[in-house]
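Note that the structure is a prediction, hence the values are computed from the model and not measured.
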There are 2 protein chains.
Amino acid sequence: MARTAGSHSDITGPRVREAALTLFARHGYAAVSMRQIAKEVGVQAGALYNYTTDKQSLLFDLMRGHMDDLLDAWAKEPSAEDAFGRLERFTRFHIRFHLGRPQAVFISYMELRNLTPENFATIEDLRRRYESELEKILRDGRDNDVFRVADTKITTLAIIAMLTGVNTWYRSAGRLSLSEVEAIYWDMVRKAVT
Amino acid sequence: MARTAGSHSDITGPRVREAALTLFARHGYAAVSMRQIAKEVGVQAGALYNYTTDKQSLLFDLMRGHMDDLLDAWAKEPSAEDAFGRLERFTRFHIRFHLGRPQAVFISYMELRNLTPENFATIEDLRRRYESELEKILRDGRDNDVFRVADTKITTLAIIAMLTGVNTWYRSAGRLSLSEVEAIYWDMVRKAVT
DNA sequence: GTCTATAGATTGATAGAC
DNA sequence: GTCTATCAATCTATAGAC
């Protein structure tokens, strides 16, 4: 199929999303202008509207994409047999996945209030779906008298908050490797539910 | 001392900070205009500049005030004798203090990137000072063979992230009282360091 | 598909009257 | 101390040429 000279829609589109991701993560959605995004991509501001209907859906697409990736990746994780194995899988998966996409994680936690109500509801639904995956593990383990947790819902949120916190301090050039970090957190999680 | 008619500096000042706190927490610093703050207070935008030099110092004063309050309140907490007592004090204090000021907590975590570099450094210093209070407790407990922690620095950050996470879900009208929540989290913290 | 140009609204901050 | 009025810059989004 012949292409119009100067047509780059298949490459410019991803670059727009990439620039938005970087800039939203660094400065915040409200603080970033469409002109800044355009400058990062190397086009004029008007050209952005060939790839997004408006600034809001640029944010929403990034967040929904991140949540979809998260749920898909977890669905593809091999499952473990016993309760401790399942919990360890989740713990290591969560750390590894989140450390691999710090910008998307940052945006997905910080920019919720800049979503329209409809978009917010969509993202919240996906987030709850992910949380329920961990809660299932905790509930099964408790029902089989393997775990001892006072409240599976609160323990779910506590564990996720603790694990996601890794993103605030971990640097790959730091003194600890990824698997050392995983091991330290798994040790805390394991003890906390025993 | 006689006062000029219409002078309300002693009451308007706090109301400006209060309005900024509420609006920054709800919509984010960058998304809130000086006119919105003025409207919330019930004055015109120009009048705000009798109480703050600019928008940035409005944000900075809120964050520094919050961190000062936090460190002061912890300094006034009665100390405990043994390692577990000290850790339990910290755990319950952290939850109680943070749940008591959800807006200031929210701002202090979300708006760091909207501070000027100098202001950011000041807040970061206070935050590190607070974290080191918990790390001291963990290190002493480990050195006396009371706690078993793989890494006191990481454990410090993990515990604080877990505890601060309460703010994302706790509602005073919910099914759990504040002391029930404290007890559940203390149970997890205690087990995690044993 | 990208450009230039621009509409129309809003921003932070200041000046000067009262 | 607060007001009105305003400056100069910036914003999102669109229109039309190429």
All N/O pairs under 3.5 Å across the protein-nucleotides 12-16 of chain C interface:
unit_1: dG12(C); atom_1: OP1; unit_2: Val32(B); atom_2: O; d: 3.4
unit_1: dG12(C); atom_1: OP1; unit_2: Lys55(B); atom_2: NZ; d: 3.1
unit_1: dG12(C); atom_1: OP2; unit_2: Met34(B); atom_2: N; d: 2.8
unit_1: dG12(C); atom_1: N7; unit_2: Arg35(B); atom_2: NH1; d: 3.1
unit_1: dG12(C); atom_1: O6; unit_2: Arg35(B); atom_2: NH2; d: 3.2
unit_1: dA13(C); atom_1: OP2; unit_2: Tyr49(B); atom_2: OH; d: 3.0
unit_1: dA13(C); atom_1: OP2; unit_2: Lys55(B); atom_2: N; d: 3.1
unit_1: dA13(C); atom_1: N6; unit_2: Arg35(B); atom_2: NH2; d: 3.4

#### Entry: Closest nucleotide among dT11(C), dT2(C), dC3(D) to the Thr12(A) side chain
dT2(C)
### Task
Give each stem of DNA chain D as a range with a range, requiring at least 3 consecutive Watson-Crick or G-U wobble pairs whose two distances are under 3.5 Å.
C:1-18 with D:1-18
### Query
Asn50(A) has an atom CG; how far is it from atom P of dA15(D), in whole Å?
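Distance check: Asn50(A) CG to dA15(D) P gives 13 Å.
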### Query
Between Lys39(A) (NZ) and dT2(C) (C1'), how many Å, whole number?
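After rounding, the gap between these two atoms is 18 Å.
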### Query
What's the spacing between Arg127(A) CZ and Ser132(A) OG if we round to 0.5 Å?
11.0 Å
### Task
Starting at CG of Leu99(A), measure out to CD of Glu182(A) and round the result to the nearest 0.5 Å.
8.5 Å
### Task
Please tell me which of Ala31(A) and Val43(B) maps to the more 5' nucleotide of DNA chain D, matching each residue to the nucleotide holding its nearest heavy atom.
Val43(B)
### Basic-acidic side-chain contact under 4.0 Å: Glu133(B), Lys136(B)
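So Glu133(B) pairs with Lys136(B) through a salt bridge.
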### Query
Thinking salt bridges, do Asp125(A) and Arg129(A) make one under a 4.0 Å N-O criterion?
yes
### Pair Phe84(A) and Phe147(A), ring centroids less than 6.0 Å apart
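When the ring centroids of Phe84(A) and Phe147(A) are compared, they turn out to be within the sub-6.0 Å range.
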### Side-chain N,O (Tyr51(B)) to OP1/OP2 (dT2(D)) below 4.0 Å
yes
### Message
Counting only side-chain nitrogens and oxygens, does Gln44(A) get under 4.0 Å of the OP1 or OP2 atom of dT4(C)?
### Response
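Answer yes for this pair, as a side-chain N or O of Gln44(A) is under 4.0 Å from OP1 or OP2.
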### Task
Return yes if some donor-acceptor pair links the side-chain N/O of Thr164(A) with the main-chain N/O of Ala161(A) below 3.5 Å, else return no.
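No: the side chain of Thr164(A) does not pair with the backbone of Ala161(A).
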### Task
Please answer whether the main-chain N or O of Val105(B) pairs with a side-chain N or O of Ser108(B) as donor and acceptor at a distance below 3.5 Å.
no
### Query
So, Asn119(A) and Thr116(A): side-chain donor and acceptor under 3.5 Å apart, yes or no?
yes
